[in-house]
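Note that ligands are numbered from 1 as they come in the structure, with each ligand's atoms numbered from 1 the same way.
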Amino acid sequence: MSLAFRTLSFGIKKGPPQKKKLNNDSKELSTITEDSFRKFDELREKMIGKVETKQKKKVVKKVAKQASIQILSSRKRGYDSENDSESETEEAVGDVEKKMQKLLDDIRRTNRIFTWGDQLPDIFLRFNDSSLSPSLLTHLSENGIRQPSPIQMQAIPFMMGRKNILASAPTGSGKTLAFALPVIDEILGLKRRADYSKSSKLLAIVLEPTRELAAQTYTEFVKYCSGTSISVANFSGEETDITHADILVSTPNRIVFHLDKIDTSFLRWLVVDESDRLFEVIEGQEKCFRNQLGAIYKACDAKCTRVAFFSATFSHEVEKWCKDNIENIGMVCVGERNSSNTSVKQELTYCGTEDGKKVAIRNLLRTAFRPPALVFVQSKDRAVQLVKLLSAIDSNLKVDSINSGKSDKERDETMERFRNGEIWVLVCTELLGRGLDLSDVGLVINYDLPTSIISYIHRVGRTGRAGKTGHAVTYFTDTDMKYIKSIATVIRQSGFDVPEYLMEMKKVSRDRKKEMLKRAPKRQKIATVKEQVRKQKIAKAAYEKKEKLEAGSNSVKVSKSKKKMRKITKSKA
Ligand SMILES: Nc1ncnc2c1ncn2[C@@H]1O[C@H](COP(=O)(O)OP(=O)(O)OP(=O)(O)O)[C@@H](O)[C@H]1O
């Protein structure tokens, strides 16, 4: 095996990956048939027509009443017939409305949009049907976004109606725009008012769990605010002066630290992206996300402030907290709650041991790989080790790692190189597990088994985004057997094959799940062949030395006991 490792070269295309192009052929994220669009347009026309007719009739009626007081009898007849036709119209309007409601419900069902709450707004089918401002519509079309995704169809009208919202939708399904568009739209409206256009007021805060994610969301806001007077700041980046920001994107710790200097009295929106992550508590950690979120939430208490929680996953605990603490909150859930993206082909690969994983990744990168790919490991040390191993396997492979052990600057540079195609395989920890939109990633490898199904869902969601297909491979060893069933279940629920024996394994107990969350299993170091050979040599030398020592001490012991025996026989004689 060692020779194979040394002489091996990956069978990948040696050219760097193509830079991201605007893909105008990409699949729409929602399913609306031509027939539904046609019916919708017809019904809407009818509704507008009927309402107009009804209004027209009211005007005519008023004029007639004033003008013809003399011809009472004929007017009486006229009145009766008008009343008849009015009730006919009302009935027809009600009929059309019902038909429209049924059509929208059918479209909701097809797109697996589930809602809870009072006064739910209707979905919209086309961006042009929404009342989003023209500048946003222009940006959408410039960015090749033609049709709203299911979460956008429902969440945008929700937020435009100024309702608090808890929303969940699969990874890569456009949640960022689902909250960014209504926030920007509302601020554009405010900016038209004299009291808002002249002075700087903080109007929206968007929280993200990592710097990388904050940078990405910030870029998205800047893109959609360009050409307007809205100022966006990324507090987790270089930015220190946030006094002129209308929209502030940040990780919670930066905001918490400067909370006393931030004026939230005009805040319209507090958006918590990856909300279940920000709800996480770490025992014994004062600065855990939940405490920070708690402090921010408390400070954002203006009457005009609404909250929006978004994530691909959410727990019953988050749901309960929202229902208990936020008045009048509506919920939107697209698809099955806590399920993985079905456009990602998912595989589980049994590797037996840690050495087996090395063989598996070598073979995978050699056969089924077109860069770029993301490889997840459970710790920063293992990220460094795996980069070393992959570089030793093929010196041509452009591989690097990103983890919390690197400085902010190093992390930013690595991300930039990965996005530019200079890095083909990026080895990372949980840090990149959530939210990042690296849309060219075609392959995700879970080199180390994720420690929860939530982590699994987010990790594999780094591929198969925006309606594209993706591929995710998850390795497991004998050590992982006791944790594998829940991930196997998620994969099967998404419609992919899982060996039957895995489904027959014992359910992962609650305690085991907790234990796994706290501490990932101990794993043997990912050593290169050279390191392994050196380690083997050292171990062999140590063993031989021990043998020698033991042999030496045994011969001393034997001669000592011989002497003793001689003494005893002498004394007996
Ligand atoms: N309506 C749309 N049609 C096509 N593409 C879209 C649409 N809306 C957003 N996108 C694109 O889809 C990609 C994924 O969007 P986004 O990052 O918002 O996903 P997400 O749902 O937040 O995922 P995650 O849960 O991983 O954070 C982005 O590149 C975005 O530009």
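Of the options G174, S149, P170, the smallest heavy-atom separation from atom 9 (C) of ligand 1 is shown by G174. The residue from G435, P150, S168 that puts a heavy atom closest to atom 27 (O) of ligand 1 is G435. Of all the listed residues (R434, R465, H458), R465 holds the heavy atom that lies closest to atom 24 (P) of ligand 1.
Across all non-hydrogen atoms, the minimal contact from S168 to A312 is OG-O, 3.9 Å. Contact record, V318 with L166: CG1-CD1, 4.3 Å, taken as the closest heavy-atom pair. Scanning all heavy atoms of the two residues, the minimum distance from I156 to L177 falls at CD1-O, 4.3 Å. Contact between A214 and N234 at its shortest, heavy atoms only, is CB-OD1, 3.9 Å.
Residue pairs meeting the salt bridge (Lys or Arg N to Asp or Glu O under 4.0 Å) criterion with at least one member in residues 167-185: none, sequence neighbours excluded.
Every atom of ligand 1 is numbered from 1 in the order shown, and the set under 4.0 Å from a heavy atom of A312 is 25 (O). Those atoms of ligand 1 that come under 4.0 Å of a heavy atom in D437, given as number and element, are 13 (C), 14 (C), 17 (O), 28 (C), 29 (O). Proximity to A466 (heavy-atom distance under 4.0 Å) selects the following atoms of ligand 1: 11 (C), 12 (O), 13 (C). With ligand atoms numbered from 1 in the order given, ligand 1 contributes 19 (O), 20 (P), 21 (O) to contacts under 4.0 Å with heavy atoms of S173. Taking a cut-off of under 4.0 Å to the non-hydrogen atoms of Q147, the atoms of ligand 1 that pass are 1 (N), 2 (C), 3 (N).
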| Test log, rule salt bridge (Lys or Arg N to Asp or Glu O under 4.0 Å), inputs K39 and D35 | CA-CA 6 Å; K39 271 189 194 154; D35 192 42; 3.7 Å; yes
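Heavy-atom separations between G144 and ligand 1 are all 4.0 Å or longer. For E274, the closest heavy-atom approach to ligand 1 falls below 4.0 Å. Using a non-hydrogen distance threshold of 4.0 Å, A169 does not register as a contact of ligand 1. The shortest heavy-atom distance from G461 to ligand 1 is not under 4.0 Å. Residue contacts with ligand 1 include R462, since one of its heavy atoms falls under 4.0 Å from the ligand.
With sequence neighbours left out, the ring pair (Phe, Tyr, Trp, His ring centres under 6.0 Å) criterion links H258 to F235.
Side-chain N or O atoms of E212 include none that pairs as donor or acceptor with a backbone N or O of L432 at under 3.5 Å. Judged by distance alone, with hydrogens and angles left aside, the side-chain atoms of E347 form no donor-acceptor pair with the main-chain N or O of F496 at under 3.5 Å.
Below 3.5 Å of separation, one finds an N or O of G172 facing an N or O of ligand 1.
Residue-level proximity to ligand 1 for T176 is carried by backbone and side chain together, each with a heavy atom below 4.0 angstrom. The parts of T171 lying near ligand 1 are both backbone and side chain, judged by heavy-atom distances below 4.0 Å.
Between F309 and F279, the two ring planes are tilted [angle within 30° to 60°].
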